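Some notes on the structure that comes next.
Chain naming here is simple, since letters A, B, ... match the order of the sequence lines and numbering starts at 1 in each. Owing to the predicted nature of the structure, the values given are computational and were not obtained by experimental measurement. Every heavy atom of this structure was used, including side-chain atoms; hydrogens, water molecules and symmetry mates were not.
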There are 2 protein chains.
Amino acid sequence: MKDARKIKDLLYEQVARIGKVFSSPKRLELVELLCQGEKSVETLAHEASISVKLTSAHLRELRAAHLVETERQGKNIYYRLADKSVADLWVQIHTLAEERLIELQMALQKIATQPHDLVPSDRESLMKAARKGEVVVLDVRPSEEYLTAHLPFARSIPLEELRKRLGELPKDRAIVAYCRGPYCLMAADAVALLNGEGYSAIHLRDGVAEWAVTNR
Amino acid sequence: MKDARKIKDLLYEQVARIGKVFSSPKRLELVELLCQGEKSVETLAHEASISVKLTSAHLRELRAAHLVETERQGKNIYYRLADKSVADLWVQIHTLAEERLIELQMALQKIATQPHDLVPSDRESLMKAARKGEVVVLDVRPSEEYLTAHLPFARSIPLEELRKRLGELPKDRAIVAYCRGPYCLMAADAVALLNGEGYSAIHLRDGVAEWAVTNR
DNA sequence: TAATCATTCTAATATTTATTAGAATGTAAT
DNA sequence: ATTACATTCTAATAAATATTAGAATGATTA
């Protein structure tokens with residue numbers, strides 16, 4: 001088998017196709033957005049702060065690697081992750097990045113308004129408290145994303161409506177706010193707002209994708 | 001917080017540094033080799049079939065992403081993975097690639113000499129049989145790699161020495177051969193050799209890195 | 001100390017990839 | 001049908017990466 005080298009090259013080349021998807025900051029952001037549920041090209045472009053054309057180009061790469069699927073709904077084309085394991089890989093990559101890159105650790109500390117952030121080991125006790133109603137788990141993402149998937153016992157108040165709907169929240173109990181994940185700033189904003197209004201809010205960095213990955 | 005976009009860009013950029021490492025076929029091959037234990041630049045270059053200079057350049061990328069560590073031993077500089085989680089990510093990426101890319105599935109089928117390949121679900125029964133001595137688990141990698149880490153109950157006969165040392169293996173029991181992982185052809189060669197000589201050998205695609213990952 | 005060796009660094013070029021603009025496609029509304 | 005709209009495709013350029021060669025480094029051996 002003298003063409004063993006050719007076969008191996010071919011194999012690694014295929015795997016690299018997947019790796020390439022995760023080598024561009026904007027594609028990573030699109031993957032994270034898609035972890036929240038299916039979205040149209042325009043929505044993705046807006047939320048990632050890039051042009052529709054560029055978004056389309058990146059999505060084409062994602063589709064070429066068979067990591068997303070598309071579906072036409074009226075005028076819009078909706079993209080969604082082809083499999084849950086794509087979200088898992090995103091979580092594992094950003095987790096490894098957080099473990100290994102000091103620069104990332106430092107940047108993440110800037111986001112943390114207070115040292116209130118919950119760590120994975122608190123999961124069980126958080127769920128216990130949420131079940132008993134001792135804490136309010138608050139999902140501050142847009143409501144469509146909440147409807148697609150949310151943490152157990154979570155209540156939905158999108159960040160945009162939060163100021164108006166403060167009355168729905170109790171002041172005598174802890175509020176645990178979360179959003180799309182550690183790189184989404186919505187929960188941090190929500191926590192700042194709530195604490196400024198006399199609530200006792202803390203920030204949970206995990207989003208639904210992170211929560212879905214066991215062994216963390 | 002109007003610079004939210006800048007912060008986010010910075011965060012995704014950092015994660016993309018990790019992704020970039022896994023976006024090049026040759027870097028992937030180097031990562032897989034490093035999963036087998038620490039190796040010198042020259043060894044890595046030889047085993048990946050690329051020049052020393054190019055190997056050095058790729059290793060520099062790996063080091064810049066803090067995924068490998070170096071240690072000087074005499075004239076040589078040895079590289080090793082900075083953390084077990086790097087090997088885990090390699091396994092998860094190639095697993096996702098195998099799930100999603102038909103091209104890769106087809107290329108892998110070419111390697112499979114027979115439909116004898118073991119699947120993950122056989123792990124428990126394999127270990128049970130190996131413990132009882134009903135099957136021989138055979139590690140055909142170079143002996144240094146075996147010494148660094150190997151599967152439970154595995155015996156080491158490097159592929160190069162296999163023909164000479166056939167007498168050490170029983171003909172009345174199944175032999176399960178493995179090597180560096182699904183993209184390494186050594187175990188396939190070993191299985192072909194053994195079956196040609198009257199042994200009943202089968203090919204286990206997992207290597208130590210794959211074996212170490214749970215939930216598979 | 002000089003010579004040798006493994007490896008890295010620097011710089012140059014070849015190849016890819018990202019990004020943008022304009023034309024084309026397919027659907028929905030008028 | 002015609003128009004408007006969302007998205008993709010094609011083509012062009014700008015930016016980044018892979019690869020190679022030559023000089024430099026740092027440790028070992030003669």
Side-chain angles (χ1 to χ4, degrees), chain A residues 5 8-10 12-31 33-34 38-80 144, chain B residues 5 8-10 12-31 33-34 38-80 144:
Chain A
R5 188 25 62 192
K8 288 187 115 183
D9 286 349
L10 202 146
Y12 291 107
E13 208 176 286
Q14 293 300 317
V15 182
R17 285 173 64 191
I18 303 293
K20 267 186 199 123
V21 166
F22 293 89
S23 70
S24 147
K26 283 302 173 192
R27 276 198 295 270
L28 289 173
E29 190 163 359
L30 292 172
V31 168
L33 287 166
L34 289 169
E38 65 173 15
K39 288 174 182 287
S40 70
V41 179
E42 192 177 24
T43 307
L44 288 167
H46 179 251
E47 295 192 331
S49 310
I50 50 178
S51 75
V52 170
K53 281 176 183 173
L54 183 53
T55 306
S56 177
H58 281 309
L59 290 171
R60 190 182 351 179
E61 299 281 316
L62 279 167
R63 199 171 37 183
H66 300 292
L67 298 187
V68 297
E69 289 168 352
T70 58
E71 188 189 344
R72 182 150 217 150
Q73 292 179 19
K75 280 200 236 181
N76 298 301
I77 292 173
Y78 282 79
Y79 279 75
R80 75 172 87 86
E144 313 89 68
Chain B
R5 187 24 62 192
K8 287 187 118 183
D9 286 349
L10 202 146
Y12 292 106
E13 208 175 286
Q14 293 300 317
V15 182
R17 285 174 65 191
I18 303 293
K20 268 186 199 126
V21 166
F22 294 88
S23 71
S24 148
K26 284 301 174 189
R27 276 199 294 271
L28 289 173
E29 190 164 358
L30 292 173
V31 168
L33 286 167
L34 289 169
E38 64 173 15
K39 289 174 182 288
S40 70
V41 179
E42 193 177 23
T43 306
L44 288 166
H46 179 251
E47 295 193 331
S49 309
I50 50 176
S51 73
V52 169
K53 280 176 181 174
L54 182 53
T55 306
S56 177
H58 281 310
L59 290 170
R60 192 181 350 180
E61 299 280 316
L62 280 166
R63 199 171 38 182
H66 300 292
L67 298 188
V68 297
E69 290 168 351
T70 57
E71 188 189 344
R72 182 148 218 152
Q73 292 179 19
K75 281 199 232 179
N76 299 300
I77 292 174
Y78 281 80
Y79 279 77
R80 74 173 86 86
E144 312 88 69

Indicate whether OP1 or OP2 belonging to D:dT7 is found under 4.0 Å from a side-chain N or O atom of A:Asn76. yes
Grab the CG-C1' distance between B:Leu59 and D:dT19 for me, whole Å please. 15 Å
Those residues at least two apart in sequence (or on a different chain) that pass salt bridge (Lys or Arg N to Asp or Glu O under 4.0 Å) with B:Lys26 are A:Asp9, B:Glu29
Return yes if some donor-acceptor pair links the side-chain N/O of B:Arg27 with the main-chain N/O of B:Val21 below 3.5 Å, else return no. yes
Remember a base hit wins even if backbone is also touched, and classify B:Tyr78 as base, sugar-phosphate or nothing at under 4.0 Å, heavy atoms. nothing
So does B:Ala64 get a backbone contact from the side chain of B:Arg17, meaning a donor-acceptor N/O pair under 3.5 Å? yes
Would you call B:Glu61 and B:Lys20 a salt bridge, taking side-chain N to carboxylate O under 4.0 Å as the test? no
Students should find this one: the first and last nucleotides of DNA chain C, 5' to 3', lying under 4.0 Å from a heavy atom of chain A. What are they? C:dT17 to C:dA28
In whole angstrom, what separates B:Leu62's CG from D:dA18's P? 11 Å
Looking across every strand, which nucleic acid part, if any, lies under 4.0 Å from B:Lys20 by heavy atom: base, sugar-phosphate, or nothing? sugar-phosphate
Rounded distance (nearest 0.5 Å) linking atom CG of B:Leu34 with atom OG1 of B:Thr43: 10.5 Å
Pairs satisfying side-chain hydrogen bond (donor to acceptor under 3.5 Å, both in side chains), at least one member in residues 48-57 of chain B, at least two apart: A:Arg5-B:Ser49
On DNA chain C, does the nearest nucleotide to A:Ser24 precede the nearest nucleotide to A:Gln73 from the 5' side, or the other way round? Give the residue. A:Ser24
Just how far, in rounded Å, is C1' of D:dT19 from CG of B:Leu54? 6 Å
Are OP1 or OP2 of D:dT7 and a side-chain N or O of A:Arg72 less than 4.0 angstrom apart? no
To the nearest angstrom, how far is A:Glu42 atom CD from D:dA4 atom P? 17 Å
Distance check needed: D:dT7 P versus A:Glu71 CD, whole Å only. 14 Å
Could you tell me how far apart B:His58 (NE2) and D:dA18 (C1') are, to the nearest whole angstrom? 7 Å
Taking for A:Lys75 and for A:Arg60 the nucleotide of DNA chain D with the nearest heavy atom, the one nearer the 5' end belongs to A:Lys75
Rounded to whole Å, NZ of A:Lys53 lies from P of D:dT13 at a distance of 16 Å
Separation between NE2 of B:His58 and CD1 of B:Ile50, rounded to the nearest 0.5 Å: 5.0 Å
Write down the distance between NE2 (A:His46) and C1' (D:dT7), rounded to a whole number of angstrom. 18 Å
